[in-house]
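To start, the structure itself, in structure tokens.
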Amino acid sequence: MKIGYPCINRKIGCTTNSTFRLGSYSDERMQKAVSGNLACLFDILKWNCSNGFQFFRISSDIVPFASHPVCSYPWEKKFKKQFMEIGSFIKQNNMRISMHPDQFVVINSPSNEIAERSIKELEYHCRVLDLMGLDSSARVQIHVGGMYGDKEKAVLRFVDRYNKLSKSVRKRLAIENDDRLFSLKDCLEISRKTGVPVIFDVLHHRCLNNGETIKDALQLVQKTWKKKDGVPMIDYSSQEKGGRKGKHTEHIDQKDFKKFLDQSKGLDFDIMLEIKDKEKSAKIALLLLHKFACSNYDC
DNA sequence: AGTTGTCAAGCTAGT
DNA sequence: ACTAGCTTGACAACT
């Protein structure tokens with residue numbers, strides 16, 4: 001079981017999200033942004049390694065405008081070596097990587113243009129992981145998409161578009177249950193039709209579910225991950241007290257996390273902690289996991 | 001130097 | 001019809 005946090009490390013003080021305005025695009029800006037972002041990514045991964053975090057989500061902003069028509073800069077070629085070095089480090093240290101394109105990626109959109117842009121964005125994400133030489137256990141996770149007033153049709157459109165994706169995207173894609181539209185049950189149905197692995201999001205499941213317990217849910221998603229896909233990835237967060245339903249907590253709720261570990265006892269998966277203070281809470285989670293393991297198994 | 005409005009992209013729910 | 005929120009930082013124009 002690996003534990004990680006997404007995209008940002010607040011402690012070491014560099015960013016992998018450096019970008020610029022579309023209007024000020026130039027190859028020089030691209031070169032500068034990507035080179036800084038990759039250097040920071042490497043720093044974070046090294047820091048993670050010495051702090052026990054073997055799971056990390058790489059930011060979608062690592063190469064700004066990568067899938068935009070304005071991008072004429074041959075970033076793949078220019079940074080091939082850096083990507084390879086980072087990838088080697090990841091593999092040597094047995095680390096797990098995910099990426100999570102944001103809300104603009106909607107492959108089931110009724111608009112072909114939106115779907116096409118989304119697919120380009122997915123290809124960019126997969127390209128990053130390919131350049132690092134990572135196998136198909138490194139995943140790109142998305143939500144199912146919009147509903148457009150007809151869930152059944154929306155699901156059919158997802159399946160149809162999924163089947164037309166390139167092999168390199170299909171080998172990395174994973175879908176995640178969301179908090180308003182597509183529940184775990186919906187994702188499992190799509191997985192049956194396509195073979196796409198399902199990432200279980202604990203907080204979303206609390207907002208939208210069909211009565212499955214945590215243990216039920218984990219056992220169900222486990223079946224959607226084949227050996228070459230690696231162990232299931234899980235998104236964990238808890239509800240911000242007093243915040244809107246589904247709002248991620250600022251800091252880890254230790255009691256809730258312990259409860260989750262207890263409910264999932266005996267199952268193997270990697271946990272992405274979607275918590276605002278990032279590595280700070282992840283450290284606590286790591287400690288709690290260790291304590292939990294020692295009280296239930298031999299240490 | 002510090003502050004603040006704005007940024008490529010979509011969708012839903014609430015006013 | 002319009003906009004906040006997702007989730008949130010960082011750029012860039014302005015004091």
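Note on naming: letters A, B, ... go to the chains in the order of the sequence lines (proteins, then strands), and numbering restarts at 1 for each one. Quick caveat: nothing in here was measured; it's all calculated off a predicted structure.
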*Using the P atoms only, state how far C:dA12 lies from B:dA8, rounded to an integer number of Å.*
10 Å

*Taking DNA chain B as the partner, which of residues 55-67 of chain A come within under 4.0 angstrom of it by heavy atom?*
A:F65, A:S67

*Can a salt bridge be assigned to the pair A:K258 and A:D262 using a cut-off of 4.0 Å between side-chain N and carboxylate O?*
no

*Which whole number of Å gives the distance between the P atom of C:dG5 and that of B:dG5?*
16 Å

_Would you say that A:R117 contacts A:S67 through its side chain, given a criterion of any heavy-atom pair below 4.5 Å between the two side chains?_
no

Please enumerate all protein N or O atoms sitting under 3.5 Å from an N or O of nucleotides 1-7 of chain C, with distances to 0.1 Å.
unit_1: C:dC6; atom_1: OP1; unit_2: A:R244; atom_2: NH1; d: 2.5

_Between P of B:dT12 and CZ of A:F182, the distance in whole Å_ = 8 Å

_Expected output is a numbered-order residue list: members of residues 114-122 of chain A with a heavy atom under 4.0 Å from any atom of DNA chain B. What is it?_
A:I114, A:R117, A:E121

*With the side chain counted from C-beta on, respond yes when A:F158 and A:I175 share a heavy-atom pair under 4.5 Å apart, and no when they do not.*
yes

_Same-atom distance (P) from C:dT7 to B:dT4, integer angstrom_ = 26 Å

*Test side-chain hydrogen bond (donor to acceptor under 3.5 Å, both in side chains) applied to A:N209 - qualifying residues, sequence neighbours left out*: none

*asked:* Is the base of B:dA9 stacked against the aromatic ring of A:F104, taking ring centres under 5.5 Å apart and planes under 30° as the test?
replied: yes

*Looking only at non-hydrogen atoms, find the nearest pair between A:Y148 and A:R157 and report the distance.*
CD1-NH2, 3.2 Å

*asked:* Applying ring-ring contact (aromatic ring centres under 6.0 Å, His included) as the test, list every pair that has at least one member in residues 9-31 of chain A; sequence neighbours left out.
replied: A:F20-A:F65

*Which atom of A:N108 lies closest to which atom of A:G145, heavy atoms considered*: OD1-CA, 3.6 Å

*Would you call A:D256-A:R206 a salt bridge at under 4.0 Å N-O?*
yes

_Using a 4.0 Å cut-off on heavy atoms, which residues in residues 147-155 of chain A reach DNA chain C? List them by number, or say none._
none

*B:dT6 and C:dT8, which share atom name C1', separated by this distance in whole Å*: 13 Å

*asked:* Please give me the minimum heavy-atom distance between A:L288 and A:Q254, naming the atom from each residue.
replied: CD2-OE1, 3.8 Å

Donor-acceptor pairs under 3.5 Å, side chain of residues 192-204 of chain A to any protein atom, not counting sequence neighbours: which ones?
unit_1: A:K193; atom_1: NZ; unit_2: A:E189; atom_2: OE2; d: 2.9
unit_1: A:T194; atom_1: OG1; unit_2: A:I190; atom_2: O; d: 2.7
unit_1: A:T194; atom_1: OG1; unit_2: A:V196; atom_2: N; d: 3.2
unit_1: A:D201; atom_1: OD1; unit_2: A:L203; atom_2: N; d: 3.1
unit_1: A:D201; atom_1: OD1; unit_2: A:H204; atom_2: N; d: 2.9
unit_1: A:D201; atom_1: OD2; unit_2: A:H204; atom_2: ND1; d: 3.2
unit_1: A:H204; atom_1: ND1; unit_2: A:E176; atom_2: OE2; d: 3.4
unit_1: A:H204; atom_1: ND1; unit_2: A:N177; atom_2: O; d: 2.9

_Nearest heavy-atom neighbours spanning A:K91 and A:G133_ = NZ-O, 3.1 Å

*asked:* With rounding to the closest Å, how many angstrom separate the P atoms on C:dT3 and B:dC7?
replied: 14 Å

*Any cation-pi pair here, A:K46 with A:F42, using under 6.0 Å and within 45°?*
yes

Could you list the protein-to-nucleotides 11-15 of chain C atom pairs, N/O on both sides, closer than 3.5 Å?
unit_1: C:dC11; atom_1: OP1; unit_2: A:S18; atom_2: OG; d: 3.2
unit_1: C:dC11; atom_1: O2; unit_2: A:R21; atom_2: NH2; d: 2.8
unit_1: C:dA12; atom_1: OP1; unit_2: A:R21; atom_2: N; d: 2.9
unit_1: C:dA12; atom_1: OP1; unit_2: A:S24; atom_2: OG; d: 2.6
unit_1: C:dA12; atom_1: OP2; unit_2: A:R29; atom_2: NH1; d: 3.4
unit_1: C:dA12; atom_1: OP2; unit_2: A:R29; atom_2: NH2; d: 2.7

*Please report the closest heavy-atom contact between A:M233 and A:W225, naming both atoms and the distance.*
N-CZ2, 3.5 Å

*A:C14: what forms a disulfide (SG to SG under 2.5 Å) with it, not counting sequence neighbours?*
A:C40

*Check DNA chain B for consecutive Watson-Crick or G-U pairs with both distances under 3.5 Å and list the runs of at least three as stems.*
B:1-7 with C:9-15, B:10-15 with C:1-6

*Atom CD1 of A:I142 and atom P of B:dC11: how far apart are they, to the nearest Å?*
13 Å

*Mind telling me whether A:H100 and A:H143 have parallel, tilted or perpendicular rings, with 30° and 60° as the class edges?*
tilted

_Whole angstroms only, please: what is the CG-P distance between A:D102 and C:dG9?_
14 Å

Under 3.5 Å, which donor-acceptor pairs do the side chains of residues 76-89 of chain A form with other protein atoms, sequence neighbours left out?
unit_1: A:E76; atom_1: OE1; unit_2: A:R127; atom_2: NE; d: 2.5
unit_1: A:E76; atom_1: OE1; unit_2: A:R127; atom_2: NH2; d: 3.2
unit_1: A:S88; atom_1: OG; unit_2: A:M84; atom_2: O; d: 2.9

*Taking NZ, NE, NH1 and NH2 as the nitrogens, is one of them in A:E274 or A:R57 under 4.0 Å from a carboxylate oxygen of the other?*
yes

*Check salt bridge (Lys or Arg N to Asp or Glu O under 4.0 Å) between A:D135 and all other residues, then give those that pass, not counting sequence neighbours.*
none

_Worked verdict on A:L129 versus A:M99 for side chain to side chain contact (heavy atoms under 4.5 Å, CB included)_ = CA-CA 9 Å; A:L129 301 172; A:M99 293 185 85; 4.0 Å; yes

